[in-house]
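One structure below.
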Amino acid sequence: MNSASPTQSDAAASRVNAPSISPGEQSSRFAIAWRALLSLYVLTLRQYSHGKRWMVVTGLFSLPSVLAIIVRSTTTEFPPLALEFLLIFMFIPQAILPLVALLYASSMIQDELEDQTITYLLIRPLPKFALYFVKLLATITATVALTVVFTALTYCVIYVGSDAGASDTALRAIKAASIHSLAVITYCCVFGLVSLLIKRSLTIGIVYIVIVEGFFANFPFGLRLLTVIYYTRLIAYRALPFKASLPHGR
């Protein structure tokens, strides 16, 4: 008759003597974890709404409105639709959205390191991937909110006092804000992953914006299929009409 080895006996005994967790205790642990993740989400949003980053982002998003005011105050031959095309669907997606996403997403991990709170987060009994996704969700929430608000503000500056209908302008603003939100979400995911894997994510992000989104996207080669701005323009082209009468044609 074969007897079980000491290792097998110890393993069996440990399984028998292991404390069982009741369903109520599991539910309590689950609720505590969710409250901790919610607190991290709220604290991250508060962190994003303070400091110099907020002022820089506000200044970046205000540039299209300032340019629209300058153009409309200096000439009457530039139709609002053409101004919308240049500022809303050329300038904002290619220059502002990637920079804003980079400023926020690159600080997801860096802020915790600078504030020396990364150790506190890692020793908490929470899944590491949940910590990352909560930080990413807060980043997406902040950038999408800013994108929607300032896109609507730019539309108001472009079309206020023009002959365009209010309902048509509002519909175009909603579509544009939705397209911009998709773009900034994609940028946040890209730069968030870079910040997780690479220490100097801000430098790498700037190189990516200049070379990939700024250079490759403007050439008729297959490389533009790897850029976010290409798909942003494609969705805008299919979702909205762009025909404006200019002094030298349409």
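Atom set for the values below is all heavy atoms of this structure, side chains included, hydrogens, waters and symmetry mates excluded. This chain uses plain numbering: 1 for the first residue, then up along the sequence.
Ile179 and Ala239 make their closest contact through CD1-CB, 4.4 Å (heavy atoms, listed as atom of the first residue, atom of the second, distance). For the residue pair Pro80 and Ile158, the shortest heavy atom distance occurs at O-CG2, 3.5 Å. What you find for Ile69 and Ser73 is that their closest heavy atoms are O-OG, 2.8 Å. Tyr208 approaches Val228 most closely through the heavy-atom pair OH-CG2, 4.1 Å. What you find for Thr154 and Phe150 is that their closest heavy atoms are OG1-O, 2.8 Å. In this structure, Pro98 and Pro93 approach most closely via the heavy-atom pair CD-O, 3.2 Å.
Hydrophobic clustering keeps Leu234 apart from Val184 (ILVMFWY residues linked when any side-chain heavy atoms are closer than 4.5 Å, directly or through intermediates). Two different hydrophobic clusters hold Tyr230 and Phe215 under the rule that ILVMFWY side chains link at heavy-atom gaps under 4.5 Å. No continuous path of hydrophobic side-chain contacts links Phe219 to Leu225 [ILVMFWY only; heavy atoms under 4.5 Å]. Under a hydrophobic clustering in which Ile, Leu, Val, Met, Phe, Trp and Tyr are joined whenever their side-chain heavy atoms come within less than 4.5 Å, directly or via other members, Trp54 and Leu63 fall into the same cluster. Tracing side-chain contacts under 4.5 Å through hydrophobic residues (I, L, V, M, F, W, Y), one never reaches Ile88 starting from Val66; they form parts of separate clusters.
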Using the rule given for side chain to side chain contact (heavy atoms under 4.5 Å, CB included), can you reason through Val148 versus Ser181, listing the C-alpha separation, both sets of side-chain angles and the distance that settles it, and then say yes or no?
CA-CA 7 Å; Val148 171; Ser181 297; 3.7 Å; yes
Thr141 vs Leu45, test: side chain to side chain contact (heavy atoms under 4.5 Å, CB included). Steps then yes/no.
CA-CA 8 Å; Thr141 302; Leu45 287 179; 4.2 Å; yes
Assess whether side chain to side chain contact (heavy atoms under 4.5 Å, CB included) is satisfied between Thr147 and Val100, documenting all intermediate values.
CA-CA 9 Å; Thr147 299; Val100 170; 5.7 Å; no
Passes side chain to side chain contact (heavy atoms under 4.5 Å, CB included), Leu83 versus Tyr159? Steps please.
CA-CA 9 Å; Leu83 192 59; Tyr159 282 99; over 6 Å; no
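Separation of the Tyr104 and Phe191 ring centroids does not fall under the 6.0 Å cut-off.
Atom CD1 of Ile198 is separated from atom CG of Leu193 by 8.5 Å, given to the nearest 0.5 angstrom. Distance CZ/Phe216 to CG/Leu226: 8.5 Å, rounded to 0.5 Å. Between the CD1 atom of Ile204 and the OG atom of Ser195 there is a distance of 12.0 Å, given to the nearest 0.5 Å. With values rounded to the nearest 0.5 angstrom, Ile206 atom CD1 is found 10.0 Å from Ser201 atom OG. Rounding to the nearest 0.5 angstrom, the gap separating the CG atom in Leu136 from the SG atom in Cys188 is 7.0 Å. Note that CG of Leu67 and CG of Leu86 are 10.5 Å apart. Values are rounded to the nearest 0.5 Å.
Side-chain contact check for Arg224 versus Asn218: every heavy-atom pair is 4.5 Å or farther apart. Residues Leu97 and Thr232 have side chains not in contact (no heavy-atom distance under 4.5 Å, counting atoms from C-beta outward). Contact annotation: the side chain of Gln47 never approaches that of Leu43 to less than 4.5 Å [non-hydrogen atoms, C-beta and beyond]. Side-chain contact between Met108 and Tyr132 is present, with at least one heavy-atom pair separated by less than 4.5 Å. Arg172 is listed as a side-chain neighbour of Leu81, based on a closest heavy-atom distance under 4.5 Å. Contact annotation: the side chain of Tyr231 never approaches that of Leu182 to less than 4.5 Å [non-hydrogen atoms, C-beta and beyond]. Contact check for Ile92 versus Leu87: no side-chain heavy atoms found under the 4.5 Å cut-off. For the pair Tyr155 and Glu84, the minimum side-chain heavy-atom distance is below 4.5 Å.
With no hydrogens or angles considered, a side-chain donor-acceptor pair links Thr151 and His180 at under 3.5 Å. Looking only at atom types and distance, the side chain of Tyr187 has no donor-acceptor partner in the side chain of Thr143 under 3.5 Å away. Judged by distance alone, the side chains of Thr139 and Tyr48 do bring a donor and an acceptor atom under 3.5 Å apart.
For Thr44 (side chain) and Ala138 (main-chain N/O), no donor-acceptor pair under 3.5 Å exists by modelled atom type. For Ser106 (side chain) and Leu102 (main-chain N/O), a donor-acceptor pair under 3.5 Å exists by modelled atom type.
For Glu213, there are no salt bridge (Lys or Arg N to Asp or Glu O under 4.0 Å) partners at least two apart in sequence or on another chain.
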